[in-house]
Amino acid sequence: GGEQVPWRGAERARQRENMAEASSSSRVALVAGASGLVGRELLQLLLTSPDYGVVHSLRRRAGAGASSSKLRELVVSFDDLPALPACDDVFIALGTTIKVAGSEAAFKRVDYDYVVAVAAAARQAGATRLGIVSALGADAESRVFYNRVKGEMERAVNGLGYESVVLARPSLLLGDREA
């Protein structure tokens, strides 16, 4: 909602100093969607990267399966996202299918509302770089609902003021899914 994010000024600087002391790496990553096919792989890459000292993982329920001294799991409701911790880079691999979601409205809630909410909250928390898994054919003007939602999401996140936005547009994602 319209709640102010408390990560401002001196408080943010202190948190960054504490995180920097905890690790020789100064960058902090935030990941949403780390339990999915792409997100699981992404989380492992971030946890083993020397570029990141801390990796926050937003989850709906506890228990990532990944373990690392860098990992900070944050159990959240994506319907009522709290203020997020200070971070430099945010990676969003949230997504579902209309079949799994059960309706077009439920699909849009995950693939548009949740993605844009995380991107906006991370921007308020200081993130300057954004990476999102979108989809091949994403187009805000498409007649195809799925492609239109992905395109509308891309348009929305491009307007959030990030220094860098990377939109990955894979076609079919193959692999072992937990769901």
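- Closest heavy-atom contact between Ala138 and Gly151: CB-N, 3.8 Å.
- Note: Arg40 CZ to Ser35 OG = 7.5 Å, rounded to the nearest 0.5 Å.
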For this session: Take Leu71 and Leu43 through the test side chain to side chain contact (heavy atoms under 4.5 Å, CB included) and record every step on the way to the result.
Result: CA-CA 9 Å; Leu71 181 61; Leu43 181 61; 4.0 Å; yes
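- Taking all atoms of both residues into account, the shortest heavy-atom contact from Leu84 to Ala122 is CD1-N, 3.6 Å.
- Note on Lys150 versus Asp111: salt bridge recorded, some NZ/NE/NH1/NH2 to OD/OE distance being below 4.0 Å.
- A distance of 8.5 Å separates CG in Asp89 from CG in Leu46, rounded to the nearest 0.5 Å.
- Nearest heavy atom pair, residue Tyr146 against residue Thr96, reads CE1-O, 4.4 Å.
- Contact annotation: the side chain of Arg27 never approaches that of Val54 to less than 4.5 Å [non-hydrogen atoms, C-beta and beyond].
- In summary, Arg148 and Glu104 do not engage in a salt bridge, as defined by a charged side-chain N under 4.0 Å from a carboxylate O.
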Problem set entry | Steps toward side chain to side chain contact (heavy atoms under 4.5 Å, CB included) verdict (Phe78, Val110) | CA-CA 9 Å; Phe78 289 101; Val110 173; over 6 Å; no
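- Between Asn158 and Leu167, some side-chain heavy-atom pair lies under the 4.5 Å cut-off.
- Separation of atoms OG1 (Thr128) and CZ (Arg123) is listed at 7.0 Å; rounding is to 0.5 Å.
- Between the CG atom in Asp113 and the CG atom in Leu81 there is a gap of 12.0 Å [rounded to 0.5 Å].
- Residue Ala156 comes nearest to Val116 through the heavy atom pair CB-CG2, 3.8 Å, listed as atom of the first residue, atom of the second, then distance.
- Between the side chain of Lys70 and the backbone N or O of Leu47 there is at least one donor-acceptor pair closer than 3.5 Å.
- The distance from the CD1 atom of Ile92 to the CG atom of Leu30 is 8.0 Å, given to the nearest 0.5 Å.
- Inter-residue side-chain proximity for Pro85 and Leu74 is flagged as met; some heavy-atom pair is nearer than 4.5 Å.
- Looking only at distances, no side-chain donor or acceptor of Lys108 sits under 3.5 Å from a matching main-chain atom of Phe145.
- The nearest pair of heavy atoms linking Val133 to Pro170 is CG1-CG, 4.0 Å.
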Exercise. Can Glu73 and Leu58 be said to form a side chain to side chain contact (heavy atoms under 4.5 Å, CB included), step by step?
Worked result: CA-CA 6 Å; Glu73 276 193 348; Leu58 301 184; over 6 Å; no
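- In this structure, Arg129 contributes its side chain and Ala127 its backbone to no donor-acceptor pair below 3.5 Å.
- Considering OH of Tyr162 and CD1 of Ile132, their distance stands at 7.5 Å, rounded to 0.5 Å.
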For this session: Test side chain to side chain contact (heavy atoms under 4.5 Å, CB included) on Arg109 and Asp79 and set out the steps.
Result: CA-CA 9 Å; Arg109 191 171 87 232; Asp79 287 311; 3.4 Å; yes
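- You'll find the side chain of Val28 reaches within 4.5 Å of the side chain of His56, heavy atoms only.
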